[in-house]
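Taking it in order: structure first as C-alpha cells, then the write-up.
By convention in this document, chain letters (A, B, ...) are assigned in the order of the sequence lines, proteins followed by strands, and residues within each chain are numbered from 1.
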Amino acid sequence: MNETTVIDVQNVTKVYGKQNEKQYTALKNVNFKVKKGEFVGIMGASGSGKTTLLNILATMDKPTEGKVVIGDQDISELTQNQLSDFRAKQIGFIFQDFNLLESLNNAENIGLPLTLQGVKKRQINELVHQIAGQLGINALLDKYPVEISGGQKQRVAAARGLISRPQIMFADEPTGALDSKSARELLETLKQVNEEEQVSVLMVTHDPFSASYCERILFIKDGQIGEQLEANGQKRADFYQTILNKLGTFEDQEGRTDVI
Amino acid sequence: MLFKLAFINVKNRWRDYLVSFSGLIISAAIFYMFEAIATNQALIKGNISFGVASIVFQFGSVLLGIITLVYIVYANSFLMTMREHDYGLFIMLGGKKSRLGFLIFLETLLIGIVSTIIGGLIGIGLTKALGNLLMQLLGVQITHFNSFSPSAVFVTLIFFVAIFFVASLINQHKLLHKPVLRLLRNDTEADKPMKITAWRYVEGFLGLLLLGIGYWAMAAVNTLVLMSIPIALVTIVLGTYFLYNAFFQLLIAALRKSHLAAKGLNNFTLGQLNFRIRDYTKMLTIVSILFALALGAITVGMGYHRLIPTIARGNTAYDLVVYKKTAQTKELMTKLDLKQQTTYQRKIIGKTAYFDQSEFQAQPFQIADSKNEKVTIRQISANQVTKQSKAREQLFSLQANYAIDKLKMVSHQDFQQLTAKASSLTLLQTTSLAKSAPVLGKIANDQLKQMNQTAELQELGGAYPVYQMANLMFGGLEFMGFFLGIAFLTMLASCLMFKILSGAQADQRRYWMLNRLGARRSLIRSSIRRELGVLFLLPGILGIVHVLFGLKLFVPLMGGNPYAGLQTPFIIFLLLYLGYYLVTLFIYNKLVVPAVSMQS
Ligand SMILES: Nc1ncnc2c1ncn2[C@@H]1O[C@H](COP(=O)(O)OP(=O)(O)OP(=O)(O)O)[C@@H](O)[C@H]1O
Ligand SMILES: [Mg+2]
C-alpha cells in the first residue's frame with residue numbers, strides 16, 4: 001500500500017467562545033495522520049469533540065491553535081475562495097442528515113460540486129452516470145430527493161461526495177439515520193470506493209458495526225485522542241468483536257452504559 | 001410550563017418573531033394611515049373637487065382590508081409554525097388539548113392586540129410626518145388634515161381585533177386537528193417538485209388571456225364607462241394569479257432545461273425561484289396589484305399637478321395684471337424674476353375700453369395657445385388684437401375687474417383726444433409661475449386692497465389667480481396620491497420583505513450546504529442577489545404594465561394625456577422600491593450567508 005500522508009493534524013486545539021466569554025476547550029492538542037487510501041474511524045462519547053474535529057479537517061471551522069495539512073496544503077494558508085475551491089475539488093462530504101437540495105433532482109444534486117467548478121454540462125452528465133453506475137443508483141437519477149428513501153438519499157449524497165474524485169471523504173455519522181440494511185449498503189459503497197479508488201475515508205460513528213469497516217479507529221475522549229485500535233487484517237466480524245470488547249472496557253472504567 | 005416554553009421559544013427565535021411582529025405592526029400602521037384619510041370626510045370634500053373621491057376611498061378601504069386580511073393570515077401561520085414544535089411537545093408530554101387550545105387562542109389574540117396598538121401609534125406618527133413632509137415638498141396646504149383621528153383609530157382597532165379573533169380560531173382549529181407527529185416534525189410540503197400537467201399550460205394561457213381582457217376593459221373606458229373598473233379588477237387579479245401560478249413556473253422549467261442552467265449556481269437559483277414562486281403565488285399577486293395601485297396613485301396625483309401650469313397659463317400669456325403701481329407693488333416687482341413687463345394705457349368710456357395702437361406696435365400683445373398640454377406663446381400684430389377672437393378674449397380676461405363689453409384699438413392721436421381718465425395695465429410675465437407664486441401672491445393682495453372691499457382673487461387678471469385655485473384643487477389630489485402611494489408601497493414592500501425573511505431559516509441550511517460543497521461566497525451572494533432580484537422584479541414589471549394600461553382610465557378624467565411626464569413618479573417610486581430591495585438583500589445576506597474564515 002502507498003504510504004503517502006493525506007491528512008496531517010499537528011497540535012490542533014479548539015476553544016469555543018471569545019476571550020471575554022465563557023470558554024470551552026473542545027479539542028486539546030490533537031495529533032494524528034491519515035495515509036492515502038486509509039479507512040479511519042473516529043469514536044467517542046457524545047460531546048467529546050468528534051464533530052468539532054471533523055469540521056476543522058473539512059475546512060469548515062478553524063482551529064484555535066495548531067495546523068492541518070491536507071495533501072501538501074496547509075489549509076490555514078488558504079483564502080476564502082481557495083477554500084471553496086479546495087472543498088469542491090479535494091474533499092467529499094456525507095452528513096448525518098442527507099442534505100440534498102429538494103429543488104434539484106438527484107442527478108443535479110450529484111453533479112452540483114462539478115457545476116460549481118464550471119465543468120461542462122455534457123461532461124457532468126457523463127461523470128454523474130459513471131458514479132451512479134458504480135454505486136448502483138442509476139434508477140434514482142431522475143427522481144427528486146423527496147421521492148426516495150433515507151438510505152437511498154444517503155447513497156445519492158455519497159455519490160455527490162465522490163463525484164469530484166476527492167482525495168478524502170469525510171463522513172459524520174453517515175449511518176446514523178439509516179436502518180441496518182441501508183447502513184450496510186452505504187458502508188459497502190464507501191469500502192468499495194476506498195479500495196478501488198484509494199480514497200481515504202474519515203468517518204465519525206457511534207455504531208460498532210459501522211466502525212468495523214474501518215482499518216483503524218481513533219478513540220477521542222474529552223477533546224483528546226486516547227487509544228487507537230487497528231484491524232491489522234482481521235476479518236470484519238473479528239474486528240467487530242474487538243471493538244465491542246474495547247467499548248466494554250470503557251464502560252467498566254466509567255461505570256456507565258451510555259458512553260458511546 | 002407552556003408559558004416557560006413560549007418564553008424560551010421567543011428568546012431563541014427573537015429574530016423571526018421580530019420580523020413577523022414588525023410585519024404585523026407595519027400593516028396596522030398603514031391601515032391606520034389610510035383610514036385617517038378615508039374616514040376624514042371634511043378633508044376629502046374640502047380638498048378634492050370631484051365627486052367620485054369618496055367612492056374611490058371606500059373602494060380603497062375594502063381593497064386594503066382584503067390585502068391586510070391575507071397578510072395577517074400569512075404572518076399568523078408563520079408565527080404558528082414557529083410554535084408548532086412546542087405544542088407537539090406539550091401534547092406528547094401529556095398536556096390537555098383543551099387547555100392548549102385556549103392558550104393558543106389567547107396567544108394569537110394577544111399578539112394581535114399588542115401589534116395593533118403599537119401599529120396604531122406608529123401610524124399616527126407616520127401620518128403626521130408623511131403629511132407634513134408632503135405638504136412641504138409639494139408646496140400645498142391641506143385643510144382639515146389631522147394625524148390623529150378617533151374614527152380611524154376605532155376602525156383600525158375593530159378591524160384588526162376582528163381579524164385576529166378569526167385567526168385565533170383558525171389557529172386553534174388547525175393545531176388541534178393536526179397529528180402530534182406532524183407538529184413535532186414541523187415539516188413543510190412546499191419542497192415537492194412541480195409536476196407539469198396540461199392544466200398548467202391552460203392556466204398559463206388563461207392568465208395571459210385574462211390580463212388581455214382586463215387591459216382592454218381599461219382602455220375601453222369610454223364605451224364601458226363604470227363597468228370598466230370591476231371587469232378590470234377581477235380579470236387582472238385573476239390573470240396575475242394565474243401568471244404566477246403557471247406561466248412563470250413553466251418559464252422557469254423551460255429555463256432549467258436550457259444550457260444557461262448548467263452554469264454555476266444557476267440551476268440552484270432557478271430551483272429556489274421555482275419553489276419560491278409557487279410558495280409566493282398569492283403574495284406576489286397581491287404585491288403586483290399593490291404596486292400598480294401605489295404607482296398609479298402617485299402618477300395620477302402628479303399628473304393632475306402637472307396640469308396646473310397648463311391650466312393656468314393656457315389662457316393667458318401673462319401671470320398677473322397690475323392696475324395701480326403702489327409703492328409696495330413696485331418694491332415687490334423688483335423681487336420678481338421677470339421675463340417681460342408690458343404696460344398699456346387704457347381709457348374707458350361707458351362699457352368700451354380704448355387702447356393706443358402705437359403702444360401695441362411698440363410692445364406687441366402676446367397670447368397663449370394650448371394644445372395637448374403644450375402651451376405656446378405668440379405675438380399678435382397690433383391691428384389684429386381686437387379682431388382675432390382669441391386675442392380679444394385674452395385681453396378681456398386681463399381686465400376682469402371692470403364690466404367691459406367692447407375693446408377698441410385707436411390710433412395714438414385718437415387716443416390722446418379721448419376725454420376720459422387714462423389708467424394703465426401693467427402685464428407681468430415671470431420666468432416661472434411656481435417660483436414666483438409667493439411674490440405674485442403679495443402683489444395680488446396689494447392690488448386687491450386698492451379695489452373695493454369685496455374684490456376676490458379671481459377678479460384679478462392673469463395666470464396667477466387661476467394657478468392658485470388649481471393648486472388648491474389638485475394639490476389635495478396630488479397630496480393624497482402621494483400619501484396613498486407611499487403607504488401602499490410601504491405595505492407591499494414589507495409584505496415581500498417579510499415573506500422573504502421568514503424563509504431565511506430554511507434557506508440558511510441550503511446555503512451552508514452549498515458552502516460545504518465548495519460554492520464560493522461570491523457565487524452564493526450572486527445567487528441570492530438574483531433570486532431576490534427576480535422576486536422583486538416580477539411584481540415590479542407586472543405592476544408597471546398594469547399601471548401603463550390603467551392610466552387609460554384617466555384619459556377622460558384628465559382630459560389631456562395621462563402618459564406625459566411619467567418619468568418623475570416612476571423614478572421616485574422605483575428608487576424607493578430599489579431601496580427596499582437593497583435592505584432586504586442586506587438583511588437576508590446577514591442571515592443566510594455562511595462566514596468562516598481561516599484568516600482571522
Ligand atoms: N459552537 C459551539 N460553541 C461552544 N461550544 C461548542 C460549540 N460546538 C460544540 N461545542 C461544545 O464542544 C464539545 C464538543 O462538541 P462536538 O459537537 O464536537 O461533540 P461530538 O463528539 O460530535 O458529540 P456528538 O456525538 O453528540 O455529536 C461539546 O461539549 C459541545 O458542547
Ligand atoms: Mg457530532
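- Heavy atoms closer than 4.5 Å to chain B are found in the side chain of A:Leu112, but not in its backbone.
- Between B:Phe268 and B:Tyr511, the ring planes lie perpendicular to each other; the angle is over 60°, past the 30° to 60° tilted range.
- In this structure the side chain of A:Met60 reaches within 4.5 angstrom of the side chain of B:Trp512, judged on heavy atoms.
- Between the side chains of B:Tyr244 and B:Ser288, a donor-acceptor pair is found at a separation under 3.5 Å.
- Of the residues listed (A:Gln90, A:Lys36, A:Lys89), the one engaging A:Gln167 in a side-chain hydrogen bond (donor to acceptor under 3.5 Å, both in side chains) is A:Gln90, and it is the only one.
- The pair B:Arg256-A:Glu108 meets the salt-bridge criterion, since a charged nitrogen lies less than 4.0 angstrom from a carboxylate oxygen.
- The stretch residues 522-536 of chain B places B:Ser522, B:Leu523 near chain A, each with some heavy atom under 4.5 Å from a heavy atom of that chain.
- Environment of NZ in A:Lys143: sparse, with no more than 12 heavy atoms of neighbouring residues, nucleotides or ligands closer than 6.0 Å.
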